[in-house]
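What follows is a short report on a single structure.
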Protein chains: 2
Amino acid sequence: MKITSKGRYAVLAMVDIAKFGENTPCNLSHVSVRQNISLSYLEQIFNDLKKAKLVKSQKGPGGGYRLNKESSEIRILDIFNAIDEQIKTTGCGNNPKSSCSGTGQKCLTHNFWENLEGVIGNYLNSVYLSDLTAGYSISDERRVISE
Amino acid sequence: MKITSKGRYAVLAMVDIAKFGENTPCNLSHVSVRQNISLSYLEQIFNDLKKAKLVKSQKGPGGGYRLNKESSEIRILDIFNAIDEQIKTTGCGNNPKSSCSGTGQKCLTHNFWENLEGVIGNYLNSVYLSDLTAGYSISDERRVISE
DNA sequence: TAGATAGTTGACTAAATTAGTAGGTTATTA
DNA sequence: TAATAACCTACTAATTTAGTCAACTATCTA
């Protein structure tokens, strides 16, 4: 159960933009240095973010990226969707009608995995970019003591 | 944000064992056929499950695997831990003191990712194997409508 | 209008991980 | 003692990830 670096980077870079791009556009070289992410990789990510209209761009000197909405209107789930970071725990294909593991019917655990996806999705949908820039604290949620 | 097949298989196979192994040990060939999982792969998985004492084995003809506890005492998180399916969304190493992306300090999103891990962990910790054998329903939890 | 800046695009690739396969050994029981 | 089924280790093919590289286009400023 992991997140891809792309997903982590996308959220981190959006927080960076939200934080440093309030008055002036942020160019990716700066984001790259501040957050320690490869510039070329950032370019790919911002390509997706722009297509999803989460950011807008300005070419040329002094240009860069800015948020396209208030950070209080951008949900983390929006960022995940933009870069196609799917929340996918079931074994079946994208078609919701398709069966699990090619057996022609739902596997014994299908509903459970769907619920897990729901739990994760609900959470990502409930957190806004503005929550992160405000210094989201660990005490905001109970943590599980695993093991 | 995905689960590995190993993780999916482990939970599915445990449900299978819980369901079909009540009176007699389940041999993995049968599980393999019923759940459509490679036998050799199942063997590896059950090796881990046994080490974690979630199942016990019986060699020889008529042998197989059975649960080592009541299914109402086995949490899904236990299964994840047994096969080392980690819930890991932060970018930093295993050492909790280590920094994110080698910068020597926590990244801007660190707390958020930790919270996400907590949300997932709490959920997996709250569901028992017995919930799944009882026909866990999608209506047990609210689902998010994403996109 | 030249040159620098910064976004845009697409093709390519090394490394890591996943998802197995293959082949044998050991223990048990009928 | 033959069949069964767990146990164990090494290997590998495929996929995904996490980038790199190279070129192009738009825009601003001097």
* Please state how far atom CG in A:L49 lies from atom C1' in C:dT8, giving the value in whole angstrom units. => 14 Å
* To do: Ignoring backbone atoms, test whether A:N27 places a side-chain nitrogen or oxygen under 4.0 Å from the OP1 or OP2 oxygen of C:dA6.
  => yes
* Check each residue of residues 54-61 of chain A for a non-hydrogen atom within less than 4.0 Å of any atom in DNA chain C, then write out the ones that pass by number, or none. => A:S57, A:Q58, A:K59, A:G60, A:P61
* **Spacing between A:I83 atom CD1 and D:dA18 atom C1', to the nearest angstrom** => 13 Å
* Please report, rounded to the nearest Å, how far the C1' atom of C:dA19 is from the CD1 atom of B:I37. => 12 Å
* Counting just side-chain N and O atoms, does B:Y65 come under 4.0 Å of either OP1 or OP2 of D:dC7? -> yes
* Have a look at B:S5 and say if it touches a base, only the backbone sugar-phosphate, or nothing, with a 4.0 Å heavy-atom cut-off. => sugar-phosphate
* Structure fact -> The answer to which of A:S40 and A:C26 contacts DNA chain C further toward the 5' end, by nearest nucleotide, is A:C26
* Quick one: which of C:dT9, C:dA6, D:dT17 gets closest to the side chain of B:K2? -> D:dT17
* Would one find a side-chain N or O of A:S38 under 4.0 angstrom from OP1 or OP2 of D:dT20? -> yes
* **Nearest-Å distance for atom pair CD/C1', residues A:E85 and D:dT17** => 11 Å
* Is any NZ, NE, NH1 or NH2 atom of the basic residue among B:K6 and B:D48 found under 4.0 Å from an Asp or Glu carboxylate oxygen of the other? -> yes
* **Proximal nucleotide (of C:dG20, D:dA6, D:dA18) relative to the B:L28 side chain** => D:dA6
* Check whether any side-chain nitrogen or oxygen of A:K50 sits under 4.0 Å from OP1 or OP2 of C:dT8, and answer yes or no. => yes
* **Whole angstrom value for the distance that separates C1' of D:dC8 from CG of B:D48** => 12 Å
* To do: Please check the phosphate of C:dT17 (OP1 and OP2 only) for any side-chain N or O of B:T4 closer than 4.0 Å.
  => no
* What is the distance, rounded to the nearest whole Å, between atom CD of A:Q44 and atom C1' of C:dA11? -> 11 Å
* To do: Give a yes or no on whether B:E43 atom CD has more than 12 heavy-atom contacts from other residues, nucleotides or ligands under 6.0 Å away.
  => yes
* Indicate whether the side chain of B:T90 and that of B:K88 have a donor and an acceptor atom separated by less than 3.5 Å. => yes
* Want to settle it: does A:Y9 or B:H30 sit nearer the 5' end of DNA chain D, counting the closest nucleotide to each? -> B:H30
* Between B:Y41 and C:dT18, does any side-chain N or O lie under 4.0 Å from OP1 or OP2? -> no
* To do: Any chance you could measure A:S126, atom OG, to A:I76, atom CD1, to the nearest 0.5 Å?
  => 9.5 Å
* Asked: Ignoring hydrogens and geometry, is there a side-chain-to-backbone donor-acceptor pair from A:E117 to A:T89 under 3.5 Å?
  -> yes
* Short side-chain donor-acceptor distance under 3.5 Å, B:S57 and B:K59 -> no
* To do: Establish whether the base of C:dT21 is bridged to the side chain of B:E43 by a donor-acceptor pair shorter than 3.5 Å.
  => no
* State whether B:N47 places a side-chain N or O below 4.0 Å from either non-bridging phosphate oxygen (OP1 or OP2) of D:dA6. => no
* Rounded to whole angstrom units, what separation is found between the NZ atom of A:K88 and the P atom of D:dT16? -> 13 Å
* **A:T4 versus A:E85, side-chain donor and acceptor atoms under 3.5 Å** => yes
* Asked: Has B:E73 got more than 12 heavy atoms of other residues, nucleotides or ligands less than 6.0 Å from its CD?
  -> yes
* Asked: Contact class for A:F46 vs. all strands (heavy atom < 4.0 Å): base, sugar-phosphate, or nothing?
  -> nothing
* **A:I45 CD1 to D:dG19 P, straight-line distance once rounded to whole Å** => 9 Å
